[in-house]
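Letters A, B, ... are given to chains in the order of the sequence lines, protein chains preceding strands, and every chain is numbered from 1.
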There are 2 protein chains.
Amino acid sequence: MKARVHVTLKNGVLDPQGKAVHHALQGLGFAGVNDVRQGKFIELELDGSDVEKARAEVKEMCEKLLANTVIEDYSIELA
Amino acid sequence: MKARVHVTLKNGVLDPQGKAVHHALQGLGFAGVNDVRQGKFIELELDGSDVEKARAEVKEMCEKLLANTVIEDYSIELA
């Protein structure tokens, strides 16, 4: 089974990486960009086919390793 | 308008960051993980409401800045 995890900074947390991308886009002439936020995208290939078990396990991975839940949110998609 | 861009390493390109996450997950006892790939997730807030124009512009941003198309693929979602 495949799991797709998005890890994004919470609203209100400064995103220097996004700011740098925004600035670079403006330098390249892309004037119509108002904001850029950069996050992480993690694809996991998992054993088994029990969706609910997989979701619980990936949630635990996010809490323990993949996301810093003080400043980051995560979302999980399974396919 | 919001654009969501996923930038992922092409198949066959080594992903040391994904390998490190995989190794760390195994160290934490998550034995059912077969592979991990890590990519980038970029959210852009754009002016205007013309979807096709926005898609063309974001594609150009990907080609010029957001992705290294030698080793990375990108996909664009607009909402």
Inset, instruction - Among residues two or more places apart or on two chains, list those pairs meeting salt bridge (charged side-chain N to carboxylate O under 4.0 Å, His left out) that have a residue in residues 41-52 of chain B. - result: none
Legend entry - Contact winner vs chain A - B/T8, B/L65, B/V21, B/V5, heavy-atom pairs under 4.5 Å: B/L65
Legend entry - Which portion of A/E60 sits near chain B, non-hydrogen atoms under 4.5 angstrom: both
Legend entry - Single-linkage hydrophobic cluster A/V36~A/I71, side-chain heavy atoms < 4.5 angstrom: no
Legend entry - chain B interface, residue from A/Q38, A/K40, A/M61 that has the most non-hydrogen pairs under 4.5 Å: A/M61
Legend entry - Residue pair B/L28 / A/K64: nearest heavy atoms and the distance that separates them: CD1-CB, 4.3 Å
Inset, instruction - Decide yes or no for A/L25 and B/L44: does some side-chain heavy atom of the first lie under 4.5 Å from some side-chain heavy atom of the second? - result: yes
